[in-house]
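Please read the structure below before turning to the comments.
Note that these values count all heavy atoms, side chains included, but never hydrogens, waters or copies made by symmetry.
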Amino acid sequence: MSENNQAGHEAELIEHPDRNLAMELVRATEAAAIRAVPWIGRGNKNAADGAAVDAMRKFLATVEFQGEVVIGEGEKDEAPMLFNGEVVGNGRGPLCDIAVDPIDGTSLTAAGRQNAISVIAVADRGSMYNPKEVFYMEKIVTGPAGKGIIDLERPIGENITALAEALGKHVEDMTVAVLDRPRHEQLIQDIRASGAGTELMLDGDVAGGINAALQNGRIDMCVGIGGTPEGIITACAIKGLDGVMQGRLYPRNDEERSNAVNAGHELGRVLTADDLVRTDNTFFVCTGVTDGGLVRGVNRERDNITTDSVVLRARSGTFRRVTAVHRADKWLGDDA
């Protein structure tokens, strides 16, 4: 290889993450999940989140990439680490946008409920949508069968009927996941009126979206108003699953609406996964904190700690389940 070609090749490697970073990043979600375990069911979600944030940040520092936190803890949870704009990684390797949620479901963790996960999503630098001005968005997520079928602007009953036909199912056999919130009261009634059933989620619509995109899963669709940051994280995973996602910003008040317009957001526009993450070079990893439909929670038996994770890479179309067994004594001190 000539010197010019070699230099170009090296520049390309620095510009884009070409190896499977997710297999390195999963160590950080495993660490966050393990560190959160002592706080499961203790009623202190801030302590659980703080332990997970600290562990995730520590492990991210060892990963060979130059990551900039685009979606972090600071704005949402007023955390002093993993804030928006923080640079993570060892300072070498590809330039990346990174979205983190050390615990998606802090309230679930504090209450000892199911479906809490630790999450990281990574994409090429500059590719992630900036959700700063509007914290909520309407979302609809399905698997590949929803391509050209679902439309966020259609009534939910029509979307369910059309997707059921595409899946070759009866509407009565369809299950739609929705966050259990007062704002969704009418939506839940409309879903049930269509003949479909609901799976009401207490928290954590990232896992709900992924479950909806998995083929042959128990959930056929995930809909409702949830966090915009979580929507972008979900989009990274959906690209790896060849699923379908649409979203629309949902300002909560006139001030947020005005701020969004001033920031250049087009309110009312239906956004696709490609709008939320403008690259197919995405990575997504999550590790279970508590048991759930997507991954099992952290389990300790005698001298071992077992974690269950999902690792997705969009470019290669790979979906991996990673079960890791950790020696418990390595997690007792500060050097874990």
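- A donor-acceptor pair is defined here as one N or O able to donate and one able to accept, closer than 3.5 Å; no such pair exists between the side chain of Glu158 and the backbone of Pro155.
- Residues Val289 and Ile117 have side chains not in contact (no heavy-atom distance under 4.5 Å, counting atoms from C-beta outward).
- Closest heavy-atom contact between Thr234 and Gly209: CG2-CA, 4.3 Å.
- Leu294 and Ile103 sit in two unconnected hydrophobic clusters of ILVMFWY residues. Membership requires side-chain heavy atoms under 4.5 Å apart, directly or through other members.
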Might you work through the side-chain contact (heavy atoms from CB on, under 4.5 Å) test for Val261 and Leu267, ending with a clear yes or no?
-> CA-CA 7 Å; Val261 171; Leu267 298 180; 3.8 Å; yes
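- Between Asp242 and Lys147 there is a salt bridge, with a side-chain nitrogen of the basic residue lying less than 4.0 Å from a carboxylate oxygen of the acidic one.
- In this structure, the side chain of Arg300 engages the main chain of Arg302 through a donor-acceptor pair within 3.5 Å.
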Test log, rule salt bridge (Lys or Arg N to Asp or Glu O under 4.0 Å), inputs Arg218 and Glu199 | CA-CA 10 Å; Arg218 72 180 192 284; Glu199 178 162 318; 2.8 Å; yes
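- Judged by distance alone, with hydrogens and angles left aside, the side-chain atoms of Asp308 form no donor-acceptor pair with the main-chain N or O of Thr323 at under 3.5 Å.
- Not a single donor-acceptor pair under 3.5 Å links the side chain of Thr62 to the backbone N or O of Lys58.
- To the nearest 0.5 Å, atom SG of residue Cys286 and atom CG of residue Leu312 are 7.5 Å apart.
- Within a 6.0 Å sphere centred on CD of Glu165, other residues, nucleotides and ligands contribute 12 heavy atoms or fewer.
- With a 4.5 Å cut-off on side-chain heavy atoms, Ile238 and Val141 count as touching.
- Thr198 and Arg192 share a side-chain donor-acceptor pair at under 3.5 Å.
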side-chain contact (heavy atoms from CB on, under 4.5 Å) evaluation trace for Ile140 with Asn159 | CA-CA 10 Å; Ile140 183 168; Asn159 277 313; 4.0 Å; yes
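- Ring geometry for Tyr129 against His265 counts as tilted: the plane angle lies between 30° and 60°, on a 0 to 90° scale.
- Between the OG atom of Ser107 and the CZ atom of Arg113 there is a distance of 8.5 Å, given to the nearest 0.5 Å.
- Taking 4.5 Å as the limit, every side-chain heavy atom of His184 sits out of range of all side-chain heavy atoms of Asp180.
- The two residues Val171 and Ala164 make their nearest non-hydrogen contact at CG2-CB, 4.0 Å.
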side-chain contact (heavy atoms from CB on, under 4.5 Å) between Val310 and Phe319, intermediate numbers included = CA-CA 7 Å; Val310 162; Phe319 176 103; 3.8 Å; yes
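- In this structure a side-chain-to-backbone donor-acceptor pair under 3.5 Å is missing from Gln66 to Pro94.
- Under a hydrophobic clustering in which Ile, Leu, Val, Met, Phe, Trp and Tyr are joined whenever their side-chain heavy atoms come within less than 4.5 Å, directly or via other members, Leu276 and Tyr250 fall into different clusters.
- When each of Lys239, Arg313, Arg315 is tested with Asp280 by the rule salt bridge (charged side-chain N to carboxylate O under 4.0 Å, His left out), just one qualifies, namely Lys239.
- Phe59 is connected to Val298 through a chain of hydrophobic side-chain contacts under 4.5 Å among Ile, Leu, Val, Met, Phe, Trp and Tyr, so both are in one cluster.
- The number of heavy atoms from other shown groups lying within 6.0 Å of CD (Gln215) does not exceed 12.
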Please lay out, stage by stage, how Asp220 and Lys169 fare under the test salt bridge (Lys or Arg N to Asp or Glu O under 4.0 Å).
-> CA-CA 10 Å; Asp220 301 293; Lys169 299 176 68 170; 2.8 Å; yes
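- When hydrophobic clusters are built by joining Ile, Leu, Val, Met, Phe, Trp and Tyr residues whose side-chain heavy atoms come closer than 4.5 Å, directly or via intermediates, Val223 is not grouped with Leu214.
- Taking a 6.0 Å sphere around CD of Glu185, one finds it holds 12 or fewer heavy atoms contributed by other residues, nucleotides or ligands.
- Side-chain contact between Ile40 and Thr290 is present, with at least one heavy-atom pair separated by less than 4.5 Å.
- By the 4.5 Å heavy-atom criterion applied to side chains, Cys96 and Glu68 are not counted as neighbours.
- Taking 4.0 Å as the cut-off between side-chain N and carboxylate O, Arg181 and Asp203 count as a salt-bridged pair.
- Annotation for Arg183: atom CZ counts as buried by contact number, over 12 foreign heavy atoms lying within 6.0 Å.
- Looking only at side-chain heavy atoms (C-beta outward), Gln114 and Asp291 come within less than 4.5 Å of each other.
- Asp124 and Ser127 are not linked by any side-chain donor-acceptor pair at a separation below 3.5 angstrom, with hydrogens and angles left out of the test.
- Under a 3.5 Å cut-off, the side chain of Arg35 and the backbone N or O of Trp331 do form a donor-acceptor pair.
- Of the candidates Ile232, Ile225, Leu271, Leu271 is the only one forming a side chain to side chain contact (heavy atoms under 4.5 Å, CB included) with Met137.
- For the pair Val176/Ile160, a side-chain contact is recorded, criterion being any heavy-atom separation below 4.5 Å from C-beta on.
- Hydrophobic clustering keeps Phe284 apart from Ile219 (ILVMFWY residues linked when any side-chain heavy atoms are closer than 4.5 Å, directly or through intermediates).
- Summarising the geometry, atom OG belonging to Ser194 is positioned 8.5 Å from atom CD belonging to Glu172; distances are rounded to the nearest 0.5 Å.
- In this structure, Arg278 contributes its side chain and Gly126 its backbone to a donor-acceptor pair below 3.5 Å.
- No donor-acceptor pair under 3.5 Å is formed between the side chain of Asp54 and the backbone N or O of Gly50.
- Leu163 has its side chain within reach of Met221: a pair of non-hydrogen atoms, C-beta onward, lies under 4.5 Å apart.
- No donor-acceptor pair under 3.5 Å is formed between the side chain of Lys45 and the backbone N or O of Leu108.
- When only modelled atom types and interatomic distance are considered, Ser118 and Thr29 share no side-chain donor-acceptor pair under 3.5 Å.
- Considering all non-hydrogen atoms of both residues, Ile233 and Ala99 come closest at CG1-CB, 3.6 Å.
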Passes side-chain contact (heavy atoms from CB on, under 4.5 Å), Asp274 versus Val277? Steps please.
-> CA-CA 5 Å; Asp274 287 332; Val277 188; over 6 Å; no
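- Asp205 has a carboxylate O that lies under 4.0 Å from a charged side-chain N of Lys139, or vice versa, which qualifies the two as a salt bridge.
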From CA spacing to verdict: salt bridge (Lys or Arg N to Asp or Glu O under 4.0 Å), Arg327, Asp303 | CA-CA 6 Å; Arg327 280 175 46 190; Asp303 298 328; over 6 Å; no
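- Of all heavy-atom pairs between Val134 and Thr228, the closest is O-OG1, 2.9 Å.
- The structure places OG1 of Thr287 at 12.0 Å from CZ of Arg27, a figure rounded to the nearest 0.5 Å.
- In this structure, a donor-acceptor pair under 3.5 Å is absent between the side chains of Arg296 and Thr307.
- Shown here for Arg269 and Arg248, the closest heavy-atom pair between the two residues is O-CG, 3.6 Å.
- Across all non-hydrogen atoms, the minimal contact from Asn84 to Gly72 is OD1-N, 2.7 Å.
- At least one donor-acceptor pair closer than 3.5 Å links the side chain of Asp275 to the backbone N or O of Thr272.
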